[in-house]
Amino acid sequence: MRSTASLATALATTLGAALMFGSSAPALAAPSGQTIGLTCVVCHGQGGQGSGAIPPLAAKGADHLYQEMADFKSGKRLSTVMNRHARGYSDEELKAVADYFASLPAK
Amino acid sequence: MTLSRRSFLKLAGAAAALGALNGCAMGPSRGSGGHVVVVGGGFGGAAAAKYIRTFDPSIKVTLIDAALSNYSTCPFSNLVLSGDLKMEDIKVSFDALKNKYGVNLIEDHVDGIDADKRTVRLKSGKTLAYDRLVLSPGIELKYGAIEGYSHDVAQKLPHAWKAGNQTAILRRQLEAMPDGGTFLMVAPPNPFRCPPGPYERASVVADYFKRHKPKSKIIILDPKDKFSKQGLFQEAWDSLYPGMIDWVNPERGGVVASVDAAGMSVKTKDGDTLKAAVINVIPPMQGGKIVTASGLADDKGWAPVNQRSFESTKAKDIYVIGDSCIAGPVPKSGYGANSEAKIAASAIVESLNGGELIEPKWVNTCYSYVSATDAISVAGIYELDAEGKIIEVKDSGGVSPKGGANYKAEGLFAKGWYDGIRADTWG
Ligand SMILES: Cc1cc2nc3c(=O)[nH]c(=O)nc-3n(C[C@H](O)[C@H](O)[C@H](O)COP(=O)(O)OP(=O)(O)OC[C@H]3O[C@@H](n4cnc5c(N)ncnc54)[C@H](O)[C@@H]3O)c2cc1C
């Protein structure tokens with residue numbers, strides 16, 4: 001079983017990297033959309049469903065989510081805490097986490 | 001083991017889809033099996049147990065906590081002290097971990113670890129074998145560091161730095177205190193659990209006094225020259241509770257030498273004796289006893305860990321997370337522990353499945369109430385540098401703006417955060 005899993009993982013990583021970066025060039029390691037997303041759900045609710053006054057993220061369009069984060073990052077849009085968070089991520093990371101939440105089902 | 005072409009393709013396809021989505025595998029149905037024992041069901045341990053089961057349901061997880069039936073959260077416990085919440089509001093149920101995520105629960109104390117045999121020894125006499133061990137035992141208070149203080153004295157001069165009975169004692173004392181009394185807090189030295197915690201406590205107790213005992217005073221004796229969100233806290237104190245809170249830094253005599261429970265007084269290193277109606281002693285602290293007693297800590301009492309996996313640098317297959325571990329600039333907070341738990345959970349699942357470690361990223365947001373309704377925050381985003389050290393991402397994070405314009409909104413978001421992290425950890 002162990003060998004199966006590691007083979008599959010190796011393949012997954014290679015394929016994943018190839019799909020993400022579109023070439024065989026060794027990619028710079030970056031955290032995945034899920035890795036980042038799982039730090040967001042602490043405030044934004046399980047599966048990105050929101051928590052009290054904190055808005056949901058699930059099933060919002062990826063472009064919309066990315067644009068919001070990019071605007072928080074640039075300061076074009078103001079928020080209590082999201083400007084401080086958005087500046088912690090590269091453009092690629094913001095795209096990855098936007099894709100992650102866009103892929104989750106709405107309530 | 002040989003694999004039919006068909007099942008290989010199926011596995012590879014599923015894994016590849018996952019990999020494409022995630023850049024690396026951190027998803028369900030890895031299938032290795034194995035047994036993970038988690039010690040401590042607080043912010044770190046409970047999240048680790050839940051996410052190991054989420055990432056790979058074939059792995060059996062057993063969570064052991066000595067206080068399973070009465071774990072209360074430290075976050076929001078200061079609002080119990082101010083009378084704005086009740087004890088039952090901060091109590092946690094482990095039912096969902098068991099029923100929804102299939103985590104085996106054991107209420108018992110772990111007395112020892114045999115890292116070679118990969119077993120833990122329980123107080124009840126049982127021995128449990130593990131493939132991977134997670135330790136998230138929180139902190140141990142160093143009572144002996146302050147003369148006159150002890151576990152017994154803490155019944156009269158509570159620390160309330162582990163929530164539960166201690167919180168209830170301090171609340172009763174504040175309630176019984178007459179108007180015009182003095183509440184004295186002995187603040188801890190760095191590093192400690194929840195850097196803004198003592199100052200949030202002073203703030204919400206001041207709000208309680210303002211409403212119910214306006215002639216009362218608060219003195220904070222502090223061995224530190226500065227503290228978390230200091231500018232914001234002091235701004236709030238000046239505008240909301242002018243003259244009520246006196247923060248005494250080391251230069252002004254803030255370092256405490258001894259406490260006298262019978263005389264209800266505190267003696268500073270400078271030789272002054274201060275009397276008070278209620279005394280809250282938050283002593284220096286170190287990693288949980290199971291960590292220090294098992295040789296997993298450094299000489300200061302905190303556990304060094306590989307910063308990518310949270311595996312102990314002193315013992316194989318043992319992962320230390322939460323307040324007990326050393327995680328560079330990630331603060332000893334519930335949010336930090338939760339963030340570390342997910343990285344460790346992924347590392348454990350990968351190690352059992354022979355996979356690769358993921359590229360990590362951590363987040364912390366600590367809201368602090370400056371009154372029963374108003375809050376401020378500090379945020380941090382962390383990543384690994386080229387040498388494998390955790391660093392704060394440049395130009396990110398930081399504290400709320402001054403001026404109080406966001407107080408009300410952040411008060412609401414703090415509540416959303418609290419409900420959110422409870423759901424993410426135990427729900
Ligand atoms: C007043 C206060 C306010 C706070 N506010 C916030 C906040 O607003 N936001 C925030 O993010 N953080 C906050 N914190 C910090 C937060 O509470 C801690 O950082 C967090 O609890 C750490 O999680 P942990 O898993 O390391 O330890 P804990 O949550 O303390 O869990 C440890 C568990 O391990 C068990 N245990 C220990 N040893 C053994 C053993 N040998 N056998 C069996 N069980 C064992 C204990 O019973 C305990 O249940 C606050 C803390 C305080 C004191």
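Lettering of chains follows the sequences in order, A, B, ..., and the numbering in each one begins at 1.
The structure places CD1 of B:I421 at 10.5 Å from OG of A:S51, a figure rounded to the nearest 0.5 Å. Atoms OH and SG, on B:Y367 and A:C43 in that order, are 5.5 Å from each other to the nearest 0.5 Å.
Below 4.5 Å, heavy atoms of chain B meet heavy atoms from A:T80, A:V81, all part of residues 64-83 of chain A.
The contact between B:Y51 and chain A is made entirely by side chain atoms (from C-beta outward), counting heavy-atom distances below 4.5 Å. Only the side chain of B:N338 comes within contact range of chain A, judged by heavy atoms closer than 4.5 Å. Residue B:Y382: no heavy atom, backbone or side chain, is found under 4.5 Å from chain A. At a 4.5 Å heavy-atom cutoff, the contact between A:E93 and chain B is made by side-chain atoms alone. Proximity to chain A (any heavy atom under 4.5 Å) is shown, for B:T425, by neither the backbone nor the side chain.
Every ring pair (Phe, Tyr, Trp, His ring centres under 6.0 Å) that B:Y369 has, sequence neighbours left out, goes to B:F76.
In terms of heavy atoms, B:P360 sits closest to A:P31 at O-CG, 4.0 Å. Minimum interatomic distance between B:E359 and A:T35 (heavy atoms only, all atoms of both residues): O-CG2, 3.7 Å. When all heavy atoms of B:D424 and A:L38 are compared, the closest pair comes out as OD2-O, 4.5 Å.
Side-chain contact between A:R87 and B:V393 is absent, with no heavy atoms from C-beta onward closer than 4.5 Å. Two residues are said to be in side-chain contact when any heavy atoms from C-beta on lie closer than 4.5 Å; A:I54 and B:L412 fail this criterion.
Between chain A and the residues B:L384, B:D419, B:D395, the most heavy-atom pairs under 4.5 angstrom are made by B:D395. Between chain A and the residues B:A405, B:G427, B:G398, B:A409, the most heavy-atom pairs under 4.5 angstrom are made by B:G398. Comparing B:A379, B:G397, B:G380 by how many heavy-atom pairs each has under 4.5 Å with chain A, the most go to B:G397. With chain A as the partner, the residue from B:S400, B:S339, B:A47 showing the most heavy-atom pairs under 4.5 Å is B:S400. Heavy-atom pairs under 4.5 Å with chain A were tallied for B:W417, B:Y418, B:F413; the largest tally goes to B:F413.
Judged purely by atom type and a 3.5 angstrom limit, A:Y89 has no side-chain atom pairing as donor or acceptor with the backbone of B:I381. With hydrogens and angles disregarded, no donor-acceptor distance shorter than 3.5 Å links the side chain of B:K361 to the backbone of A:T39.
Within 6.0 Å of atom NZ in B:K389, 12 or fewer heavy atoms from other residues, nucleotides or ligands are found, so the atom counts as exposed in its surroundings. Other residues, nucleotides and ligands contribute over 12 non-hydrogen atoms within 6.0 Å of the CG atom of B:N306.
Between the side chains of A:R84 and B:S377, at least one donor N or O lies within less than 3.5 Å of an accepting N or O.
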